Engineer: 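Sharing a structure with you now.
Note that the structure is a prediction, hence the values are computed from the model and not measured.
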Amino acid sequence: MLAIGGTMGAGLFIGSGALITQTGPLAVATYAVTGVLIMLVMRMLGEMAVANPRTGSFTDYARDALGNWAGFSSAWLYWYYQMVVVGFEAVVGAQLLQRWIHGVPNWIMSVILLLILTVVNLVSVGNFGRFEYWFSGIKVAAVTLFVVLATCFVLGLWPGATIDFSNLTDHGGLAPNGVLPMFSGVVVVIFSMVGAEVVTVAAAESAEPGLAIKRAVNAVVYRVLFFFVASSFLIVTIVPWNSIPAGTSPFLNVLQVLNIPGVADILNLVILVAVLSCLNVSLYSSSRMLFTLAANGDCPAWMSRTNHRGVPVLGVLSCTVIGYACIAVGYFFPDTVFLFLINASGAMILFVYLMICVSQIVLRRRNEANNGARFQFAMWCFPYLSIAVTAAIVLILLSMLRDATSRVSLIQGLVVWAIVLIAFAAKTLRRRYSAADDGSVSDAAADDDLSAAPSVPHPSNSA
């Protein structure tokens with residue numbers, strides 16, 4: 001449920017409208033191509049995670065494969081991305097509540113939502129799992145019901161409906177703006193599909209991590225593809241692609257055609273659940289990134305301390321403080337600082353995915369060179385498919401230079417990555433000089449050994 005729900009946020013319910021407007025009916029192909037790409041990245045990550053389940057997940061594998069700099073930067077980049085999501089989703093959630101709650105300032109409701117989910121994360125990891133299970137369950141049920149009802153309409157089984165696929169070819173055809181937008185749309189869609197990777201972080205705290213990761217990756221392979229592709233196909237079949245107003249949910253347009261009473265309130269509730277789910281997952285995963293960083297000596301050691309329930313309380317609270325700061329920035333500087341944070345986070349997940357791919361190739365090669373055992377959950381057609389996925393992500397990053405908005409996101413993301421790498425270099429030099437002053441080389445050697453990575457305990461097992 002975490003694998004499925006992690007990918008079904010506001011990007012699906014609202015962002016799909018922007019893609020359809022840009023691409024036309026061919027948006028279905030864009031979702032299919034992006035879904036396959038995410039599926040392959042998850043398979044590569046799954047291979048490493050089943051073989052070696054760790055709370056640091058992809059950050060630990062980057063450290064093992066590429067060195068301490070890669071583990072340091074991937075963890076901080078992912079933490080940055082998730083913290084911006086925490087602040088952004090809290091603001092969006094408060095805006096959705098404005099439909100029913102009047103007179104309460106938006107920032108106060110944002111703080112309340114973040115406070116509630118902070119308590120959820122502080123109680124226990126099991127409590128987080130239960131909340132996310134039900135959040136994801138509601139989203140899955142809502143999209144499944146949408147697919148069933150819309151399919152009945154398309155097949156002429158809905159009252160007053162007749163079988164009609166004319167919207168796929170009318171209004172300019174399948175590709176009214178050409179084929180190129182289908183590929184450039186991958187940049188937009190990939191950000192709405194991310195989130196499944198957090199299951200490899202959460203699975204490390206489960207009773208049977210290997211089995212949990214296998215099931216989660218398989219869920220992404222089949223079910224997420226179904227939800228995105230099926231829903232987008234039904235949308236462009238039922239309503240003309242060029243009739244979706246900017247900034248609105250195409251799901252709302254379809255439900256209005258079906259003439260379902262109270263449709264606006266129903267959809268608003270579903271999107272609110274999706275937003276809270278993303279907020280819940282982001283708060284969890286960002287606190288675990290701090291736990292991993294602290295265990296590796298890349299942030300204060302107290303971040304890795306856990307209570308008797310195995311929860312890194314101080315790590316969660318630290319992320320909460322940053323979340324409140326993002327809310328404040330969004331309130332006081334919505335069009336400057338907050339916009340920079342959001343733009344810079346856009347390319348972060350692609351940087352992380354790129355390091356996942358490179359790490360899998362390096363570690364698999366290293367295992368084969370050492371005559372290692374066969375993987376229980378291996379990537380298909382290695383190394384050809386792994387190399388192809390890596391090249392595809394590089395091409396996506398390069399394609400971001402073509403669009404003005406994406407270009408800003410990429411450049412600002414590179415700036416943040418450069419700052420992170422400078423911080424790593426400063427940390428390494430500080431430790432080296434400190435070790436030299438003390439007549440010890442242990443700390444400096446630890447940073448200079450780019451192939452060694454410490455084993456990070458699981459929060460739930462480290463109390």
Engineer: Please answer whether the main-chain N or O of Leu66 pairs with a side-chain N or O of Trp69 as donor and acceptor at a distance below 3.5 Å.
Structural biologist: yes

Engineer: To check you understand the geometry: which heavy-atom pair defines the closest contact between Glu89 and Val275, and what is its length?
Structural biologist: O-CG1, 3.0 Å

Engineer: Where do Phe135 and Cys278 land on the side-chain contact (heavy atoms from CB on, under 4.5 Å) test, with the steps shown first?
Structural biologist: CA-CA 9 Å; Phe135 280 155; Cys278 291; over 6 Å; no

Engineer: Is the shortest heavy-atom distance from the side chain of Leu117 to the side chain of Val120 under 4.5 Å?
Structural biologist: yes

Engineer: What pair of heavy atoms forms the shortest contact from Val313 to Leu122, and how long is it?
Structural biologist: CG1-CD2, 3.7 Å

Engineer: Under 4.5 Å between any side-chain heavy atoms of Met348 and Trp417, yes or no?
Structural biologist: no

Engineer: What is the distance from atom CG of Leu96 to atom CE of Met109, rounded to the nearest 0.5 Å?
Structural biologist: 9.5 Å

Engineer: Less than 4.5 Å apart, side chain to side chain, heavy atoms only: is that true for Tyr384 and Val389?
Structural biologist: no

Engineer: Is a side-chain donor or acceptor of Asn253 paired with a backbone partner of Ile244 at a separation under 3.5 angstrom?
Structural biologist: no

Engineer: Under 3.5 Å, is there a donor-acceptor pair between the side chain of Trp241 and the main chain of His171?
Structural biologist: yes

Engineer: Mark yes or no for whether Arg63, through its side chain, and Ala70, through its backbone, hold a donor-acceptor pair below 3.5 Å.
Structural biologist: no

Engineer: Does any part of the side chain of Tyr61, heavy atoms only, come nearer than 4.5 Å to the side chain of Ser57, both counted from C-beta?
Structural biologist: yes

Engineer: For Ile163 and Val154, run side-chain contact (heavy atoms from CB on, under 4.5 Å): C-alpha distance rounded to whole Å, both residues' side-chain angles, the deciding distance at 0.1 Å, then the answer.
Structural biologist: CA-CA 6 Å; Ile163 299 178; Val154 169; 5.9 Å; no

Engineer: Can you name the closest pair of heavy atoms from Ile393 and Cys357 and give their distance?
Structural biologist: CD1-SG, 3.7 Å

Engineer: Taking atom CZ of Phe228 as the centre, does the number of heavy atoms from other residues, nucleotides or ligands within less than 6.0 Å exceed 12?
Structural biologist: yes

Engineer: Taking atom CZ as the centre, does Phe333 end up with more than 12 heavy-atom neighbours from other residues, nucleotides or ligands that are less than 6.0 angstrom away?
Structural biologist: no

Engineer: Quick check: are there more than 12 heavy atoms from other residues, nucleotides or ligands sitting under 6.0 Å from CD of Glu208?
Structural biologist: no

Engineer: I'd like to know if the side chain of Asn106 and the backbone of Gln95 have a donor-acceptor N/O pair within less than 3.5 Å.
Structural biologist: yes

Engineer: Looking only at atom types and distance, does a side-chain atom of Ser282 sit under 3.5 Å from a main-chain N or O of Leu279, one as donor and one as acceptor?
Structural biologist: no

Engineer: Between Glu197 and Gln82, which heavy-atom pair has the shortest distance, and what is it?
Structural biologist: OE2-NE2, 4.4 Å

Engineer: Under the side-chain contact (heavy atoms from CB on, under 4.5 Å) rule, what do Gln256 and Val263 come out as? Steps first, then yes or no, please.
Structural biologist: CA-CA 7 Å; Gln256 287 174 337; Val263 61; 4.1 Å; yes

Engineer: Can you check whether Phe227 reaches Thr144 side chain to side chain, under 4.5 Å on heavy atoms?
Structural biologist: yes

Engineer: Rounded to the nearest 0.5 Å, how far does CG of Leu149 lie from CG of Leu157?
Structural biologist: 11.5 Å

Engineer: Within the distance-only criterion (no hydrogens, no angle test), does the side chain of Gln98 pair as donor or acceptor with the backbone N or O of Gly103 below 3.5 angstrom?
Structural biologist: no

Engineer: Counting only heavy atoms from other residues, nucleotides and ligands, does the tally under 6.0 Å from CZ of Arg402 exceed 12?
Structural biologist: no

Engineer: Regarding Tyr284 and Glu132, do their side chains bring together a donor and an acceptor under 3.5 Å, going by distance alone?
Structural biologist: no

Engineer: Would you say the side chain of Asn167 lies within less than 4.5 Å of the side chain of Pro25, judging by non-hydrogen atoms?
Structural biologist: no

Engineer: So does Trp107 have more than 12 non-hydrogen atoms from other groups sitting under 6.0 Å from CH2?
Structural biologist: no

Engineer: Is it the case that the side chains of Asp164 and Ser166 hold a donor-acceptor pair, with the cut-off being a distance below 3.5 Å and no angle test?
Structural biologist: yes

Engineer: Where do Ala347 and Ser409 come nearest, in terms of heavy atoms and distance?
Structural biologist: N-OG, 3.5 Å

Engineer: Looking only at atom types and distance, does a side-chain atom of Ser243 sit under 3.5 Å from a main-chain N or O of Pro240, one as donor and one as acceptor?
Structural biologist: yes

Engineer: Just how far is it from atom CG of Leu421 to atom CH2 of Trp76, taken to the nearest 0.5 Å?
Structural biologist: 13.5 Å

Engineer: Would you tell me whether Asn268 and Trp100 have side-chain atoms, one donor and one acceptor, within less than 3.5 Å of each other?
Structural biologist: no

Engineer: Under 3.5 Å, sequence neighbours excluded: what are the donor-acceptor pairs made by side chains of residues 314-329?
Structural biologist:
residue : atom : partner : partner atom : Å
Ser318  : OG   : Leu314  : O            : 2.7
Thr320  : OG1  : Thr118  : OG1          : 3.2
Thr320  : OG1  : Val316  : O            : 2.9

Engineer: Could you pull out all residues at least two apart from Ile387 that satisfy side chain to side chain contact (heavy atoms under 4.5 Å, CB included)?
Structural biologist: Ile361, Pro383

Engineer: Taking all heavy atoms of Leu252 and all of Ala264, pick out the closest pair and write down the distance.
Structural biologist: CD1-CA, 4.1 Å

Engineer: Any chance you could lay out the side-chain contact (heavy atoms from CB on, under 4.5 Å) test for Leu40 and Met379, step after step, and finish with the verdict?
Structural biologist: CA-CA 8 Å; Leu40 294 174; Met379 174 63 176; 4.0 Å; yes

Engineer: Could you state the interatomic distance from CZ (Arg43) to SG (Cys381), rounded to the nearest 0.5 Å?
Structural biologist: 10.5 Å

Engineer: Could you give the distance from CE (Met42) to CD1 (Ile356), rounded to the nearest 0.5 Å?
Structural biologist: 8.0 Å

Engineer: Under a 3.5 Å distance rule, please check whether Ser277 uses its side chain to pair with a backbone N or O of Val273 as donor and acceptor.
Structural biologist: no

Engineer: I need the full list of salt bridge (Lys or Arg N to Asp or Glu O under 4.0 Å) pairs touching residues 387-396, with sequence neighbours left out, sorted by first then second residue.
Structural biologist: none

Engineer: Find out whether Tyr331 and Ser110 are in side-chain contact, i.e. whether some heavy atom of one side chain is under 4.5 Å from a heavy atom of the other.
Structural biologist: no

Engineer: Can Arg288 be said to sit on top of Tyr78's aromatic six-ring, NZ or CZ under 6.0 Å from centre and within 45° of the ring axis?
Structural biologist: no

Engineer: Donor-acceptor pair, distance only, cut-off 3.5 Å: does the side chain of Ser286 make one with the backbone of Leu283?
Structural biologist: yes

Engineer: Taking the side chain as C-beta and beyond, is there a heavy-atom pair between Leu397 and Tyr353 under 4.5 Å?
Structural biologist: no

Engineer: Between CZ of Phe131 and CG of Asn121, what distance do you get to the nearest 0.5 Å?
Structural biologist: 10.0 Å

